[in-house]
Amino acid sequence: MLLLSAADVSIERGERRLLQGVDLSVASGQVWQVLGANGVGKSSLLRALAGLARFGVEGSIARFEPLLYLAHAPAIKGALSPLENLRCHPACDITSSPAQIALALEAVQLGGFEHQPVGSLSAGQQRRVALARLLLTDARLWLLDEPFTALDGAGCDWLEECIRGHVSAGGAVIFTSHQPSRFSELQQDLDLGSYAVS
């Protein structure tokens, strides 16, 4: 099942065109890694695919199923607890019960931290709070910008298992990462070097 398609997509940031002519089709069961040097436009492309770019995007992007986008920054508020952060969608719609959130926090090894201010947690723990959203969504397509950043080995192993489980259940993932690939037999690469405007 096709979840997303992009055709002849170009992206500008400021006055500069970063990418031109990007084509991508993402179907159930696929893992795509977006590759490229720093500044080439990986994060900008993910935002465009998510429908969050307000300007500077040309071409056609079609989304056929709900998606979840997690940015490179964890998008959590330091003064709130993990429970409070996860209780609300970024658009402030309640999505999960406290019991569901508690189970998600247990899964990311943050049981017992439910009521502690997120700002007092380590960078890796804050990343785990953001990644707990993966367990609280029904979205079939995940767009993950540098999801392995700040995670320790156990956290990286957990995220790999989570992604593999998602795609085996019919979901799909597009992600960026500067770490070595963990999905060699599943993964397809979108190398933005081929679309960069020099």
Side-chain angles (χ1 to χ4, degrees), residues 1-77 89-93 123 126-127 129-131 133-134 137 139-151 156 159-160 162-163 166-167 170-198:
M1 171 188 284
L2 188 63
L3 303 181
L4 178 144
S5 68
D8 198 25
V9 171
S10 298
I11 294 183
E12 294 181 0
R13 187 169 61 213
E15 299 294 319
R16 181 173 166 240
R17 177 160 289 201
L18 299 175
L19 302 168
Q20 184 168 310
V22 178
D23 294 309
L24 176 65
S25 293
V26 181
S28 299
Q30 292 184 333
V31 175
W32 284 87
Q33 181 172 1
V34 180
L35 304 172
N38 289 336
V40 75
K42 299 185 296 296
S43 295
S44 296
L45 177 62
L46 281 191
R47 287 183 59 82
L49 295 177
L52 297 174
R54 296 181 182 166
F55 55 86
V57 179
E58 299 174 357
S60 171
I61 299 174
R63 304 165 198 90
F64 304 108
E65 291 283 339
L67 62 81
L68 173 71
Y69 168 73
L70 293 184
H72 177 58
I76 51 179
K77 296 189 179 297
H89 183 272
C92 293
D93 298 322
Q126 291 182 25
R127 175 67 59 181
V129 173
L131 290 172
R133 290 189 175 116
L134 299 177
T137 180
R140 298 190 65 180
L141 178 60
W142 295 350
L143 306 182
L144 310 178
D145 194 0
E146 296 288 345
F148 292 96
T149 297
L151 293 179
C156 289
L159 180 55
E160 177 188 352
C162 188
I163 289 173
H166 181 63
V167 299
V173 177
I174 307 171
F175 76 103
T176 67
S177 179
H178 290 290
Q179 298 189 17
S181 171
R182 291 172 165 258
F183 307 102
S184 55
E185 77 282 9
L186 287 175
Q187 181 174 305
Q188 301 182 67
D189 293 336
L190 179 65
D191 187 350
L192 295 190
S194 303
Y195 303 99
V197 177
S198 56

Open item on the list: With side chain to side chain donor-acceptor pair (under 3.5 Å) as the criterion, how do Ser28 and Arg140 come out once you've worked through the C-alpha distance, each side chain's angles and the decisive distance to 0.1 Å?
Closed with: CA-CA 8 Å; Ser28 299; Arg140 298 190 65 180; 3.3 Å; yes
Task: Step-by-step side-chain contact (heavy atoms from CB on, under 4.5 Å) determination, Val34 to Leu192 - done: CA-CA 7 Å; Val34 180; Leu192 295 190; 3.6 Å; yes
TODO: Would you check, one step at a time, whether the test side-chain contact (heavy atoms from CB on, under 4.5 Å) holds for Gln179 with Cys156?
DONE: CA-CA 10 Å; Gln179 298 189 17; Cys156 289; 3.9 Å; yes
Task: Intermediate values then yes/no, side-chain contact (heavy atoms from CB on, under 4.5 Å), Leu70 and Leu134 - done: CA-CA 9 Å; Leu70 293 184; Leu134 299 177; 3.9 Å; yes
Open item on the list: For Thr137 and Trp142: C-alpha separation, side-chain torsions, deciding distance, then whether side-chain contact (heavy atoms from CB on, under 4.5 Å) applies.
Closed with: CA-CA 10 Å; Thr137 180; Trp142 295 350; 3.8 Å; yes
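Side-chain contact between Val57 and Val9: present, with at least one pair of heavy atoms (C-beta onward) separated by less than 4.5 Å. Considering only heavy atoms from C-beta on, Val31 stays 4.5 Å or farther from Arg182 through its side chain. Side-chain contact between Tyr195 and Leu190 is present, with at least one heavy-atom pair separated by less than 4.5 Å. The shortest side-chain heavy-atom distance between Ile163 and Leu186 does not fall under the 4.5 Å cut-off. A 4.5 Å side-chain heavy-atom check between Pro147 and Leu131 finds at least one atom pair inside the cut-off. Counting only heavy atoms from C-beta outward, the side chains of Gln20 and Val197 approach each other to under 4.5 Å. With contacts defined as side-chain heavy-atom distances shorter than 4.5 Å, the pair Leu49/Leu24 qualifies.
Environment of CD in Glu185: crowded, with over 12 heavy atoms of neighbouring residues, nucleotides or ligands closer than 6.0 Å.
Heavy-atom minimum distance, Thr149 versus Arg127: O-NE, 3.2 Å. Shown here for Asp23 and Ala7, the closest heavy-atom pair between the two residues is OD1-CA, 3.2 Å. Here the closest non-hydrogen pair linking Gln187 and Ser181 is OE1-OG, 2.8 Å. Shortest non-hydrogen contact noted between Ala172 and Leu3 is CB-CD1, 3.6 Å.
The CD1 atom of Ile11 sits 12.0 Å away from the NZ atom of Lys42 when rounded to the nearest 0.5 Å. Rounding to the nearest 0.5 Å places CG of Leu35 at 4.5 Å from CG of Asp189. Taking CG of Leu68 as the start and CG of Leu141 as the end, the distance is 9.0 Å to the nearest 0.5 Å. Rounding to the nearest 0.5 Å gives a distance of 9.0 Å between OG of Ser44 and CG of Asp145. Here Leu45 contributes atom CG and Leu18 contributes atom CG; the two are 10.5 Å apart, rounded to the nearest 0.5 Å. We find the NE2-CG distance between His166 and Leu159 to be 11.5 Å, quoted to the nearest 0.5 Å.
Between the Arg47 side chain and the Ala53 main chain, no donor and acceptor come within less than 3.5 Å of each other. Side-chain atoms of Gln33 come within 3.5 Å of backbone atoms of Ser177 as a donor-acceptor pair (strictly under, hydrogens ignored). At distances below 3.5 Å, not a single donor-acceptor pair connects side-chain atoms of Ser25 with backbone N or O atoms of Ser5.
Legend: ring pair (Phe, Tyr, Trp, His ring centres under 6.0 Å) pairs involving residues 19-74, not counting sequence neighbours: none detected.
Contacts of Arg17 classified as salt bridge (charged side-chain N to carboxylate O under 4.0 Å, His left out), with partners at least two apart in sequence or in another chain: Glu12, Glu58.
Taking the six-membered ring where the residue is Trp, Phe175 and Phe148 present perpendicular rings, their angle passing 60° and hence far from 30°.
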